[in-house]
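Counting convention: from 1, in listed order, for ligands and their atoms alike. Residues take their numbers from the sequence shown, with the count starting at 1.
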Amino acid sequence: MSADLIAAHGSPLWLADAGAVREAYRQVEAAFRAAWDGPVEVAYSYKTNRTTAFLRALAQEGALAEVVCEAEYLLAREVVGVPGDAIVVNGPAKPPSLLARAAADDALVIFDGADEIDRAAAAGVRRAGLRVAVPGALGATSRFGIPEDRIPAAARRCRDLGMTVEALHTHLVSTDLDAPPDTSRPLAAGVRVLWPRPPDDHVAAAAMLARLAGRLAADGIAVRALDLGGGIPAPPATGDHARAVCDAIRAAGFTGTVTVEPGRALVAGAVDLLMSVVAVKRLADGRRVVIADAGTNLLPGALWGWPAIAAVAADGATEPALVSGPLCLNTDVLHPAAALPEGIAPGDTLVATRVGAYQQVQSTQFGDVRPAVLVRDGGPWTVARRRETVAELLGSEAAEVAANSGSPRQEVP
Ligand SMILES: Cc1ncc(COP(=O)(O)O)c(C=O)c1O
């Protein structure tokens, strides 16, 4: 079947299963509803994968939208039709236009730093959240959020400017550096992917938010929601996770809404990438190299953690193979030793599985044109995005557009 899909739509080829996303959403939501007696909100982290069929399916399931840039905001509002008050605006860089739009639509804006508060108030934002900084997975000081001891002052500032402090937020990062960045080595040397984080980290962060909410209540600021961010383990592990964090919140005396912002837990398992073997060779040291037509241009996450790669028709004995991509770069490696059939040959199909999170969205136009995306939502595969053409590759280059349309080139003033 994979070979037929490739014959029809080209290789490489993304397969994005919106039905699997719906199922993961239902399980995550059910896990938190079972664990928490009050209201529960699940806000999908748009940046993880913004395949439109996923966004629509999640909105139909009842998800809020958690966005970190204006493009994501407009996708939620104008393409998917999410009401403004069901959007959570997060992230460290919120340009004035995004703040103004969020204010007009009555979206919830989570402040990443105290200096944002006055700018947001001036833009008309009324619904405020405060992101509380927690150390990274490896203990380093986080660049995100406001230090815990400065939260009461930040909350008072919001109140004094006429905003409602609706939520205390935190997010436990799943990718961290083993030491703060410094000039002695490149950033990627220290990157570690740590997902899911140990349950105790989430429990400690949830309890910290609940205690802080108690402190703010004593100051007359009643927080409606605790927003626990993302990093949630994928089903079926979500049930134990939800129980542990909700128990901690309850024990600290909070009784309002629990909000979560899953990304990977909903989409990681819903996308595969099909690719074709283009060449097979032996290196001088005896290693076998299988060269595919997809590389780190499509799976940039391979630079942080090796994806699972298999041959679609995998009968018989296997032998480890270094899988590399088409970019003619030494770093274009998808796996150092995938177990691939001894007889694998050009034209055979490989599949990278569970690559739904932070891959399509971070893939680039470096190298060949971008592949087609097929989606299904309980039915057959349909084309969500066809394979790009070279004309589309150049489509937004002003000079090319002018040359092809016959209109004069625009002078840059
Ligand atoms: C604020 C915020 N919420 C949610 C998420 C989603 O995280 P995950 O995909 O690990 O669930 C992220 C990811 O970076 C984030 O920054």
Side-chain angles (χ1 to χ4, degrees), residues 20-21 24-25 27-29 31-32 40-51 54-55 58 63-69 71-73 76 86-94 98 102 107-113 116 128-138 140 142-146 166-177 191-199 201-202 205-206 209 225-235 237-238 241-242 245 258-271 300-301 304-305 354-362:
V21 174
Y25 177 88
Q27 291 189 38
V28 167
E29 193 194 34
F32 277 90
V40 167
E41 295 171 338
V42 181
Y44 171 59
S45 164
Y46 266 41
K47 72 162 171 285
T48 316
N49 186 315
R50 56 195 202 203
T51 299
F54 287 3
L55 305 183
L58 286 164
L64 309 188
E66 189 259 341
V67 304
V68 296
C69 66
E72 291 174 5
Y73 189 96
I87 300 180
V88 181
V89 181
N90 239 315
K94 304 182 190 77
L98 176 57
L108 172 64
V109 180
I110 310 274
F111 300 132
D112 182 65
E116 279 186 328
L130 297 172
R131 178 166 178 166
V132 188
V134 287
L138 298 162
S142 175
R143 285 185 290 116
F144 300 103
I146 300 168
E166 212 176 283
L168 288 177
H169 170 282
T170 199
H171 167 70
L172 271 63
V173 295
S174 299
T175 305
D176 206 1
L177 299 167
V191 174
R192 303 279 175 270
V193 179
L194 302 134
W195 180 67
R197 297 265 301 267
D201 291 4
H202 286 275
L209 285 189
L226 298 187
D227 181 341
L228 308 175
I232 294 165
T238 325
H241 171 92
V245 295
V258 166
T259 307
V260 285
E261 298 174 350
R264 327 167 189 252
L266 301 184
V267 295
V271 179
W304 327 123
R354 301 186 59 81
V355 288
Y358 305 105
Q359 303 283 341
Q360 269 162 292
V361 272
Q362 291 193 66

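Contacts of His169 classified as side chain to side chain donor-acceptor pair (under 3.5 Å), with partners at least two apart in sequence or in another chain: Asn90, Glu261. Taking Asp227 as the reference, nothing meets the side chain to side chain donor-acceptor pair (under 3.5 Å) condition, with sequence neighbours excluded. For Gln27, the side chain to side chain donor-acceptor pair (under 3.5 Å) partners two or more places apart in sequence, or in a different chain, are Glu23.
Counting heavy-atom neighbours within 6.0 Å of Arg192 CZ, excluding the residue itself, gives a total above 12.
A 4.5 Å side-chain heavy-atom check between Arg143 and Pro92 finds every atom pair outside the cut-off.
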Dump all N/O pairs between ligand 1 and the protein below 3.5 Å as a table: atom names plus distance, one pair per row.
unit_1, atom_1, unit_2, atom_2, d
ligand 1, 3 (N), Glu261, OE1, 2.7
ligand 1, 7 (O), Tyr358, OH, 3.4
ligand 1, 9 (O), Arg264, N, 2.9
ligand 1, 9 (O), Tyr358, OH, 2.6
ligand 1, 10 (O), Gly231, N, 3.1
ligand 1, 10 (O), Arg264, NE, 2.8
ligand 1, 11 (O), Gly231, N, 2.7
ligand 1, 11 (O), Gly263, N, 2.9
ligand 1, 14 (O), Lys47, NZ, 3.0
ligand 1, 16 (O), Lys47, NZ, 2.8

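For the pair Arg264 and Trp195, the cation-pi criterion (under 6.0 Å, within 45° of the ring axis) is fulfilled.
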